[in-house]
Structures are given as C-alpha cells and as structure tokens.
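Remarks on the structure that follows.
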Amino acid sequence: MLQPPPLLLLLSSMSISTLAVAEADDEATLLAFKGASVLSVSGSHGDTLASWNRSAGGGRFCSWQGVTCGRRHRRVVALSLPSHGLTGALSPDISNLSYLRFLNLSYNGFRGQIPVSLGRLRRLQVIDLSHNAFNGELPANLSSCTNLAVMRLRFNQLDGPVPPELGDKLTSLMRLDLRNNSLTGAIPASLANLSLLNLLDLSVNDLEGSIPPGIGGIVGLQFLDLAYNNLVGDVPVSLYNLSLLGALQIQGNMLNGVIPADIGTKFPTVRILGLGRNQLIGSIPASLSNLTMLEQLELSNSDFTGYVPHTMGRLQALQGLYMWNNHLQADNREGWEFMASLSNCSQLQHLLLSGNTAFTGQMPSSIVNLSTTVQVLILDNTGISGSIPAAIGNLVNLQLLSLYNTSLSGVIPDSIGNLANLVQLDIYNTHLSGLIPPSIGNLSKLAELYAYNANLEGSIPASLGKLGNLLALDLSTNHLNGSIPKEIFRLPVISIYLNLSHNALTGPIPSEVSSFGNLNNLVLSGNQLSGTIPETIGECTVLQRLWLDDNCFEGSIPQSLKEIKGLSELKLSMNRLSGTIPDTIGSIRNLQQLVLAHNNLSGLIPMALQNLTSLSELDLSFNNLQAPCHTNSVKKKRKRWLRPLTIALSAIGAVLFLAFIIIFIPLNYKKCKQKQMSQFQQPMLEEQYTRLSYNALANGTNGFSEENLLGKGSFGEVYKCTLNDKGTIVAIKVFNLEKSGSARSFVAESETLRRVRHRYLVKIITCCSSINNLGEEFKALVFEFMPNGSLNNWLHPEFGIPNLRNTLSLEQRLDIVVNVMDALDYLHNQCQPSIIHCDLKPSNILLAEDMSARVGDFGISRILQERASKTLQNSDSTIGIRGSVGYVAPEYGEGSSVSTLGDVYSLGILLLEIFTGRSPTDDMFQGSLDLHKFSVDALPEKIWEIADATMWLHTDAYDSTARSRIQSCLVSVIALGISCSKKQPKERTPIQDAAIEMHAIRDSYLMLAQFNQDGDQSIVVRH
C-alpha cells in the first residue's frame, strides 16, 4: 500500500491540531459565558445551562442547548438563548466566537454595558439583545460588524448618541431597532446611507433635533417609527414619498406643519399612521379616506381643527381611531356625519374622541350603529349633551365605555344591560338623573363601575349583587335612598373599594358585610344609616379604610375590629355610638387615622392606645371620655403617650365657642343629627398638653443651635427639638418678639390651630409662653415633626443632582395636591366660622414620613365671620395682608378684603409650580410673562415642554399608552391650576369644586394605570 508523503501527513496533523485548538477555544468561551456572565437562571426553560459541561471529546459543546455549530467544522455559528432568565454582565470573551453569525440573548436580565469587543465578530449577521437591562452608550465599533443585517437592542437602558458610524459602515443593515432606550442627541444623517433598510425604529428615546430629510430617500423602507422623542421642526416632505411604508409613526414629538391634502395617494400600503401628539395644525384631509389598508390612525393631542371628514367610513380595515384632545368640531347642525359613516368600518375596535370640547350638541344616535366589534368607546371631557341613546346595548362587545365629565342628561337606558362584555363603565360627573336600571346586573364581566356625582336617585338595585367580577363600585355623591341591598354585601371578589357615601341611604348594615373578605376600602360616610355596627365587620380582614362617619349608628364600637390587622383609617365620628373605646383598638398596629369625635362615648381613654405609634390623626373630641387615672404606677407611662394621644382633643377655652356653634346649627340638619346635639354640650376635657418650659426647648435644640435650624419665616425660626424625657422629636416655632406683629401672629396661629382638626393640617402639640435665660419674653409653638421637610425643598433643592431620593414622582405630586386641597376645603367650608390661610406656598407645605402633605404656618391666617365671609372676625389678628410675593391674589394689592378665593389663587399658583417645577418668582418671568401665562401658552400641545422633567426619573420605560395617560393627566392638572389662578376672583374655581376635580384627575390616572398594568387591552396602538 502506498503511504502519504511525510510532508502531507505533517500538514494534515497540523490542520487537525489547529481545528482542535479552535474548538477548545469555543468551548472555553461558552463555559466563560456560563460561569462569568450568568449569575442566576430562573427562566421558563429551567436551568438550561446545567448541561453545559466540559466535553470528553472534541466538539460535543455543539449539542449544548442554544448552541449551533457549522456543518463543515465544529465552530459555533449561532448562540440563541432568548427568555431563559439569564442575568449578570455579558462577558467580553464572547467575541472569541469568531465564526458567530447569529446572537440572540433577548428577553433576559443582562445588565451593564454591551462589550466593545463584540465589534470583533466580523461574520455577525444578526444581533438581538433586546428586552434586557444593558446601559451605557451603544458601542460605535459595532459598525465593524460589516455583515450585520439585523440589530435589535430595543427595551434596554442605553444612553448617549446613536453612533453615526452605523450609517457609514453597515451597508448590509436591513433592520435597526433601538426602541425604548434613553438615547440622546440628533438622529444621524448618515442613516440615510442604509439603502437596504426596511425597518427603522428609534421610538421612545430622548432624541432631539429635526428628522433628517435623507431618511425619506430610503426607498425600500417599510416601517419607520420615530415616536415619543423630542424631535422638532417641520415634518420632511420626503417622508411622504416612502410609498412602500406599512407603518409611519412620528407621534409624541414637537413637529410642525400640516398633513398634505393629497396624503391619501402617498401610502397605498400603509396600515399604521401615527401623526398625533405633535404641533401639527389645520384640518384632517379628506383624502385620508383613500388609505384603504389603514388599520390604526393616531391623530390625538394635536391642534387639528374643523370637522372630521365624513368619508372616514371608507377605511373598512380600520381598527383604531384616536383623535382625542384636539379642537375638532361638531354640533347639532353639522359635524357628526363622520360618526354615521364609521358604521361601515366593520373591524373598528377602538374609538377615542375625548377632550374635544368643541364636540357639542346631542350625543349622535348613529353611535349605536357602529360595528359590534367596537371594544373601547371614549367620549369623556367633551361638550356632548342630551341622553345616552336607548339602543346603546347594540354595541355588544364594548369593554370600556367612558362618558364622564360631560353634560349628558336623562336616564341610563335599560339596554345598557346588553353590554355583556363591558369591563369598565365611567359615567361620573354628568347630569344624568333617574334610577339605576336593574339591567346593570346583567353585566357579568363588569369589574369597575364609577357613577359618582351623577344625580342618580332612587334605591340601589339588588341586581348589582349579581356582578360577580366587580372590583370597584362608586355611587357616591348622588341622591340615592332606601337601604343598602343585602345582595351588595355578597359581591364575591370586590376588592378595590365600595363607596356609597354622601347619599340618603337608611337602615342598618347587614351582617352579610362579613362577605367582604377581599375589600380594601368601605366608605359609607354621609348617609342616614342606623342601627349597630355589626360584629361581623371584623371578618373583613383586609380592610384598609373603614369610613362610617356622619350617620346615625348607635350602640358600642365592635370588639371585632381588632381582627382587621391592616386597618389604617377608621372614621366613626358624627354618630350616636356609646360605651367605652375597646382596648383592642390598640392592637391594630397599622392604624394611622382614628376619628371617633361627636359621639356619646364615655369612660377612660384606653391605655392600649399608647401602642398606636403609627397614628397621624386622632380625634376623640366631643365625647364624655376621661384621661387615665394619675396613679404612681401609670404616671410615668402616661407622660410618654398622653401628649400625642390628645392632639385631637379639644383645647381649653372653647366651651363658649362651642355653645355658639350649637345655637346656630342649621335647622334643616338631619333629624338623626339633631338627636346628637345634646352630646355636643358636654364639658370639654381639661387641656392634656403640659406646656413645655423654656429650658426644655433650649436643651432639646442644643441652645437653639444652627445645626437644629429647620427654616426661617416672617416672624421667627423653626427648630428641630428632641425632648429629653422620652426622646420625642418635635418642631418648635420660636417667635421673634422684637419684630412688629410677631406677638399678634403667635396669638392668631394659636387661635386658628386650636379650632381645627384635619389629617392634612399640621398638628400643634403645645405651646411655651415663658421667660428666656436673659429675662426676656419667650413664645413658641410646638408641632409634630415632619421628617421630609417642606415641599419647597423637594421642588427646588439647593444642592445635589436630581435623583430618585430628592425628587417627586407624578403620583406623589398628585397625592400632595389632593391633600392640600382637602385641607383647604376643610378650612373654607367645614370650619365654622371659615378660616383663610392667606400664605399658601411650598415652604408652608410640610411632608410627613409617608410623603403625605400637611398645611402649616397659620401666622397671618384669618378667621371670618360666619355670616359674612369677607369681614374679619378675629379682632386680635390685625396683621395686614402680607402673604408672599408671587402667591398673593392680585385683588389684595388693590385693597380688597380677604376671601376664600384669595386662597384659591395661591392654590392655583402652587399647583402650577408643583407640576412645572417653576417658582412664580423665577428670573424667567419678566414683564407680562408670569407662571400663569407660561402655563396658558403651553396648554395643551406643549405640555411636555413645561412639565418638571425630574418627574420622569421615577418612570420606567413606558409605551404609548402610558405616555398618553400621563399627558392627559398633566393637561387636566395644569388646566385646573390655570382655572384657580385667574386674575378675576369670580372666574376662579371654588375650592370644593377644585377638590372634587383633583380627586377625579388623580383617581382616573391611577385607575387607568392599574387598568393597563393588569393586562387589559391597550386603548392606544402598540408594537
């Protein structure tokens, strides 16, 4: 047999040896990837890398899951491990897989920077690292991967610019997807060089500048998404020449211009067209109706005017039409024809028209002829009136029907019971009337029903008890009467809240209340409910809020309340409850608000209440309670807890004032309340607060040292003080008595705070009127300590870069404004006589540990006469109107008397400041430009420009639905601030109306956030 030449044998041996080394290198790289990069494995595929072990023979790693090798050699050509729960940093050693062509690690939890070394993978054709947590800049040297056809890095946390090198070198690139990152800078003009590109998605970033016109020259582009950036300038005309586009989305920017009149001839294959949420103007072209393949049309939140084309019905493939928040017109004479034509759109699912206030006239009857495929119909915040069409039940697939904040009147039609797929019904803040139709009980899928402030009357139908999927029911502030049906208390899954407050409901709470095992909030305040509070209420073990105040309940407080371990708010005031306060209330560890005022309770205040360290509001006033006995065994303990306990008890000297109130109680007050009047005449407790000595305050502040100084005001300074006897931290306001008006301010603030009890007002603990160590007069007020300081420090921090720890989220700001409005509404409308704050501003809003707000500094407040709200009542409080520059109502400067509308003006400015981050005294406000006009000029299309950008530090990457929800909320809030801060007092929104509207804005925002978070169908286009 012939033998191979020795040289050939040598070369063959060397080739085999080299291949073996290369294979070993690939195996070592994969093991390094497993060991160094993957910190934990918890994906849906289980521990898929468990089998990745060093091979006994060459090339066995090619059988590892997710690994593919070439046919002619045992080298890794593909690594695909999507959705495997992998975390940690991506090892740079992966660049040693020199034959790698396909890399897919999407839908994992990788973090850290994308390794620069990936640029060495010259054979790479597809890289997909989407849906991870990569941060840092996008490596420019990825442009060295010149064979790349697909780059998907969407849904990460990348920042910095889009490297221009990508457009210069990646000439084979067909798909570039960088959606949902934090990329900044301009869109590189070089991207126009990517002549093979068919998909470009740069949406939901922070890109700025104009859209490069050259992108319109990429003739094969089929999908272009630049939505939700900060792009400006005119929309390039060249974009409208991309005739192969199936999707064009540029909404959510600040782009200018008009939609071309001939747009209907530009995109014959377009399915998704998103142009809204920009600064586009003009009318909606009728030629849009020629885009017969169009499925989604987004024109919302822009400045479009005129009538909607009546030929929209030609879009027979249309599934979603979004035109909310524009200036579109329709009335009883003209404009609603488009609604009739939409009946031809047999695939229509979403129709959003809210916020077009020029949509007026009667709700078009043609709405009932829409396709039965419609799932979302939103007409809220429009000017429509008339009645809900009787045939509304034709829309049998409706899931969300939103008609709130309109002038709709008439009754709710019985046919509404035909909407068997309805999940949410919003008809609050309307002019509806009549009964709640029993047919609503047929809505078996209904999860949320909001019908508050809708003028509804009659009894609550028992059929509501058939709503087996109901999570939230709000029928508050109507004219409902009769008893609460027992069936309501058998709703099986209700958990968010049940609110029937402020109606005229009578009768007892049935024992079936025990069925509310999942309910978080039960609010029955302001009715005429009677009987005893059933012991079975203790079986509602997850209740957080239980409000039964302002009714006619009698008997004792149930012992079973101790079983509700998570209870945070318990309101039983303004009833006829008797007996003692159960010791067991002290075992409710999370209780923050306990209001038992205005009852017939008697006996000793339980020592167990000392355990309620979580309390922020406690009101036991107007009862026959007595403090615990002063025995030696309890005296020391009493000192520790009695002072905060009796914050809510009435102060000395109010007996005459109380008698005055009783004499002038309105004659038309509820009969059950008239029976309670005798209890109000009980003598008040002696003041339980021991006045602190000067030495105690001096010692607690280390001699009023600078390190304990919290702030300075017009009449004194505020210090942090630690009371040595028990280590309690309080805040003390020390008055500078050498300053004119300071002594009167002390009296005014003491008198005001003596009269008020509200959870969102700063609570006074005691006072000190003494002599200091120099023999001079000393006066101070002692307040509860607010650990998070003033709102001003959060809106305008003096030091540090804005971050999560020193800024406020949108949700926190909404809660703070609601708290402040509730407090102001209480001062103006629930105190008798009314109290005017006169100095509402951020530095006088304090934030508790849970970031709830407290209104403070009543040094120049006014107590008004009960019969004439514009005349001063308190003769001791003669300080002139001062307030603070920027917040003082303009009429005060013209000599007008103090009024509640003056406070509303300050509130409006405060509200604008909270959401824009701009102080009214900012240097930018010169001449005629002030914070009010600054906000007016931006509403609604420039709302993102004026919103405080630090809010978005608290917001994760969000899609178009979230952005839409946020924008709608901001527009509503800023509009309310503008309404409250108008120059003419008579044009301002009264505080009670403003508070109701603010609650609705906040609740609507949070509700929609939860609606989308829970996975319900989005009401805005997603990709």
### Message
Could you check whether atom CD of Gln830 has more than 12 heavy atoms from other residues, nucleotides or ligands sitting under 6.0 Å from it?
### Response
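Atom CD in Gln830 is crowded, with more than 12 foreign heavy atoms closer than 6.0 Å.
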[atom1]-[atom2] distance between [X] and [Y], expressed to the nearest 0.5 angstrom:
X: Leu795; Y: Asn806; atom1: CG; atom2: CG; result: 11.5 Å
X: Thr580; Y: Asn624; atom1: OG1; atom2: CG; result: 12.5 Å
X: His932; Y: Phe925; atom1: NE2; atom2: CZ; result: 12.0 Å
X: His796; Y: Asp922; atom1: NE2; atom2: CG; result: 8.5 Å
X: Ile991; Y: Met998; atom1: CD1; atom2: CE; result: 11.0 Å
X: Ile996; Y: Asp825; atom1: CD1; atom2: CG; result: 8.0 Å

### Message
side chain to side chain contact (heavy atoms under 4.5 Å, CB included) for Lys733 and Val762? Distances and angles first, verdict last.
### Response
CA-CA 12 Å; Lys733 182 176 181 179; Val762 68; over 6 Å; no
### Task
Please report the C-alpha distance between Leu912 and Ser981 in whole Å, then the side-chain angles of each, then the deciding distance to 0.1 Å, and finally whether the side chain to side chain contact (heavy atoms under 4.5 Å, CB included) criterion is met.
CA-CA 9 Å; Leu912 297 177; Ser981 57; 3.9 Å; yes
Does a side chain donor of either [X] or [Y] reach within less than 3.5 Å of an acceptor in the other side chain?
X: Arg854; Y: Ser852; answer: yes
X: Ser525; Y: Asp549; answer: yes
X: Glu891; Y: Tyr905; answer: no

#### Entry: Worked verdict on Ser884 versus Asp839 for side chain to side chain contact (heavy atoms under 4.5 Å, CB included)
CA-CA 6 Å; Ser884 299; Asp839 199 15; 2.8 Å; yes
Closest non-hydrogen atom pair, [X] against [Y]:
X: Cys767; Y: Leu781; answer: CB-CD2, 3.8 Å
X: Ile588; Y: Leu567; answer: CG2-O, 3.5 Å
X: Gly586; Y: Arg589; answer: O-NH1, 3.9 Å
X: Gly886; Y: Ile909; answer: O-CG2, 3.6 Å
X: Met951; Y: Phe915; answer: CE-O, 3.7 Å
X: Lys933; Y: Ser928; answer: CD-O, 3.7 Å

### Query
Testing Thr916, Thr921, Asp923 for side-chain hydrogen bond (donor to acceptor under 3.5 Å, both in side chains) with Ser919, which one passes?
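Only match with Ser919 under side-chain hydrogen bond (donor to acceptor under 3.5 Å, both in side chains): Thr921.
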How about [X] and [Y]: do any of their side-chain heavy atoms sit closer than 4.5 Å?
X: Met851; Y: Asp815; result: no
X: Asp903; Y: Leu827; result: no
X: Leu620; Y: Ile581; result: yes
X: Asp857; Y: Lys841; result: no
X: Leu761; Y: Lys763; result: no
X: Thr900; Y: Ile836; result: yes
X: Trp794; Y: Asn788; result: yes
X: Leu601; Y: Ile557; result: yes

### Query
Should the pair Tyr694 and Phe704 be assigned to parallel (<30°), tilted (30 to 60°) or perpendicular (>60°) ring geometry?
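Judged by the thresholds at 30° and 60°, the geometry between Tyr694 and Phe704 is tilted.
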### Message
Ring-plane angle category for His758 and Tyr826, please: parallel below 30°, perpendicular beyond 60°, tilted otherwise.
### Response
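Judged by the thresholds at 30° and 60°, the geometry between His758 and Tyr826 is tilted.
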### Task
Could you go through the side chain to side chain contact (heavy atoms under 4.5 Å, CB included) check for Phe778 and Leu697 one step at a time?
CA-CA 11 Å; Phe778 178 87; Leu697 300 184; 4.0 Å; yes
### Query
With Lys571, which of Asp619, Val595, Leu594 fulfils side chain to side chain contact (heavy atoms under 4.5 Å, CB included)?
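Among the candidates, only Val595 passes.
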### Query
Are Arg759 and Asp822 close enough for a salt bridge, meaning some N to O gap below 4.0 Å?
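Salt bridge: no.
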